[in-house]
Amino acid sequence: MTSDRSRKNLWRPYTQMRLAPPPLEAVATRGSRIVLADGRELVDGIASWWTAVHGYNHPHIARAVADQLARMPHVMFGGLTHAPAERLAARLAALLPGDLDHVFFTDSGSVAVEVALKMAAQMWLNRGVSGRTRVLAFRGGYHGDTMGAMSVCDPEEGMHRRFGAYLPSQVFCDLPRSQAETEALDAALAAHRETLAAVIVEPLVQGAGGMILHPPEVLATIARLARRHGLPLIADEIFTGFGRTGSLFACQQAGIVPDIMCLSKALTGGTMALAATVARTEVFEAFWSEDPAAALMHGPTFMANPLACAAANASLDLFDSEPRLDQAGAIARRLTEGLAELKGLPGIADIRVLGAIGAVQFTAAPDLAALKAAFLARDVWVRPFGDIVYLTPALTIPEADLDRLIAALVAVIPGQAAALS
Ligand SMILES: *Cc1c(COP(=O)(O)O)cnc(C)c1O
């Protein structure tokens with residue numbers, strides 16, 4: 001059953017409302033399945049935009065949220081604090097590399113990025129340096145949908161073209177994969193040094209930009225060059241954080257400690273909206289002052305919502321008590337084996353796997369509507385975009401469900417790919 005009434009009042013994400021088929025109505029979730037109103041059960045290949053790392057409805061998280069709901073669903077964070085936030089901040093600081101110890105909570109990934117950009121810009125002002133407000137970002141990147149975040153997304157994206165007059169102008173470079181690109185990055189950093197506040201990167205994977213991978217050495221090069229030019233590095237781990245790439249945080253694979261890190265998506269195990277911008281001590285110290293105006297000027301209404309913090313604490317418990325990183329490794333092996341069947345077929349440009357991320361890239365944009373329909377016919381929830389089909393399942397996905405997802409890709413993709421070539 002589809003939900004046509006949803007056209008009347010609901011405005012849907014990234015959707016041409018006039019053309020899009022009506023959305024499917026979900027009535028329940030469990031494990032790695034989404035239950036539809038007509039009783040069908042879809043195997044979820046996306047984990048709800050990469051959030052539900054422990055699968056849906058994990059009883060430990062549900063219990064923690066229910067307990068917190070009974071005690072205190074929300075209280076303002078100005079002038080007040082509470083145990084769920086205190087505990088979560090301390091645990092994140094302990095898990096994150098280096099002295100990433102200062103946690104600023106917000107309620108979405110985009111806002112965590114806004115706070116990171118603001119933090120970097122104000123850090124310079126607080127140090128008495130003016131004119132440093134721009135950010136160096138990488139082509140292919142995605143950092144969110146709010147204005148500041150949009151300004152550091154790939155500049156060729158439609159949103160940039162449309163909102164060009166509205167967005168701050170940033171500096172864009174290619175990821176430094178080659179010697180020439182490394183030199184170009186170094187030169188751009190030198191040329192724009194006086195106006196730059198920070199460098200921002202999605203470590204190891206540019207997610208929404210097309211699941212584009214880069215090796216840890218490239219990330220290490222970015223960190224080294226940012227340091228050489230005295231610029232803070234912002235690592236946007238909103239997609240990569242919490243096991244997705246096979247390590248708890250992607251930065252760990254390069255052995256780097258960014259100056260500011262953004263977290264969201266899987267932070268609450270897919271339960272509630274929550275995000276964090278985490279700063280190293282040197283950044284935090286730029287705000288530590290006798291001057292009230294040197295305070296970080298941000299504070300969302302639902303900052304550090306206790307329910308969301310309770311969910312996040314419960315999610316971290318599960319990373320402690322259950323073998324999530326091993327599960328990510330097992331998913332990587334199964335994806336590598338399973339998707340290899342598609343390698344070299346006409347119309348297929350590339351197959352990529354990192355941790356619990358598998359992506360198949362076509363040589364050109366495929367018929368997305370036909371692909372989506374074919375996946376749905378196999379009762380799997382897979383959402384191709386641009387020229388890729390990808391899987392980012394729950395880290396807890398049962399083997400049989402993962403095999404069903406892979407089998408669906410292997411069955412559906414060759415026909416669609418052949419039509420391109
Ligand atoms: C999803 C995402 C964001 C934006 O997060 P929202 O919660 O959707 O605002 C930012 N950066 C990256 C890398 C993301 O994947």
Side-chain angles (χ1 to χ4, degrees), residues 11-15 46-53 104-120 135 137-155 157 159-160 163 167 170 172 175 198-214 219 222 233-245 247-251 253 258 260-278 298 300-305 308 311-312 315 354-357 359 383 385-386 388 390-393:
W11 206 334
R12 306 191 47 78
Y14 306 111
T15 300
I46 311 298
S48 279
W49 275 332
W50 329 323
T51 59
V53 277
F104 192 93
F105 288 117
T106 51
D107 37 27
S108 80
S110 298
V111 177
V113 169
E114 296 290 337
V115 169
L117 301 178
K118 197 190 261 191
M119 201 181 258
V135 177
F138 294 96
R139 293 195 185 90
Y142 172 80
H143 298 284
D145 292 351
T146 53
M147 289 295 175
M150 274 165 66
S151 78
V152 286
C153 292
D154 185 286
E157 293 278 306
M159 290 201 293
H160 269 269
F163 291 94
L167 299 180
Q170 313 291 20
F172 289 94
L175 286 165
V199 175
I200 189 167
V201 67
E202 289 163 275
L204 303 190
V205 195
Q206 293 178 312
M211 301 295 161
I212 301 160
L213 309 181
H214 58 265
L219 180 57
I222 294 166
L233 177 65
I234 301 169
D236 178 351
E237 290 239 17
I238 291 167
F239 170 49
T240 52
F242 303 103
R244 183 54 62 189
T245 66
S247 50
L248 198 53
F249 303 102
C251 283
Q253 293 184 39
I260 299 172
M261 190 186 280
C262 301
L263 300 169
S264 187
K265 295 232 157 76
L267 177 56
T268 66
T271 313
M272 342 246 316
L274 183 69
T277 306
V278 189
H298 210 95
T301 306
F302 281 93
M303 183 166 183
N305 171 254
S315 175
L354 176 69
I357 306 164
R383 304 285 291 168
F385 67 92
I388 69 159
Y390 74 96
L391 295 176
T392 51

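Position 1 is the first residue of the sequence, and the numbers go up from there. As the structure lists them, so they are numbered: ligands from 1, and atoms in each ligand from 1.
- Not one N or O of Ile238 is nearer than 3.5 Å to an N or O of ligand 1, by distance alone.
- Using a 4.5 Å heavy-atom threshold, the side chains of Ile222 and Leu175 count as touching.
- Here the side chains of Val113 and Thr146 are not in contact, with every heavy-atom distance at 4.5 Å or above.
- Shown in contact with His143 at under 4.0 Å from a heavy atom are these atoms of ligand 1, numbered in order with element: 10 (C), 11 (N).
- Of all protein heavy atoms, the one lying nearest to atom 5 (O) of ligand 1 is Gly109 CA, 3.2 Å.
- Of the N or O atoms in Lys265, one or more lie within a sub-3.5 Å distance of an N or O in ligand 1.
- Residues Ile357 and Tyr390 have side chains not in contact (no heavy-atom distance under 4.5 Å, counting atoms from C-beta outward).
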task: For side-chain contact (heavy atoms from CB on, under 4.5 Å), just list the numbers for Thr392 and Trp49, CA-CA rounded to whole Å, side-chain angles, deciding distance to a tenth of an Å, and then say yes or no.
output: CA-CA 8 Å; Thr392 51; Trp49 275 332; over 6 Å; no
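- With contacts defined as side-chain heavy-atom distances shorter than 4.5 Å, the pair Trp50/Ser264 does not qualify.
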- request: Using the side-chain contact (heavy atoms from CB on, under 4.5 Å) rule, take Asn305 and Asp107 through it: C-alpha gap first, then chi angles, then the decisive distance, then the call.
  value: CA-CA 8 Å; Asn305 171 254; Asp107 37 27; over 6 Å; no
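- Close approach of ligand 1 to Trp50 (heavy-atom distance below 4.0 Å) involves ligand atoms 15 (O).
- Residue Asp236 has at least one N or O atom closer than 3.5 Å to an N or O atom of ligand 1.
- Side-chain atoms of Glu202 and Thr240, non-hydrogen and from C-beta on, never get closer than 4.5 Å to each other.
- Under a 4.0 Å criterion applied to the non-hydrogen atoms of Gly144, ligand 1 contributes the atoms 4 (C), 10 (C).
- Within the listing of ligand 1, atoms 4 (C), 5 (O), 6 (P), 9 (O) sit less than 4.0 angstrom from a heavy atom of Ser110.
- The shortest N/O to N/O separation between Ser264 and ligand 1 does not fall below 3.5 Å.
- Assignment of Trp49 to the shell around ligand 1 is not supported, since no heavy atom sits closer than 4.0 Å.
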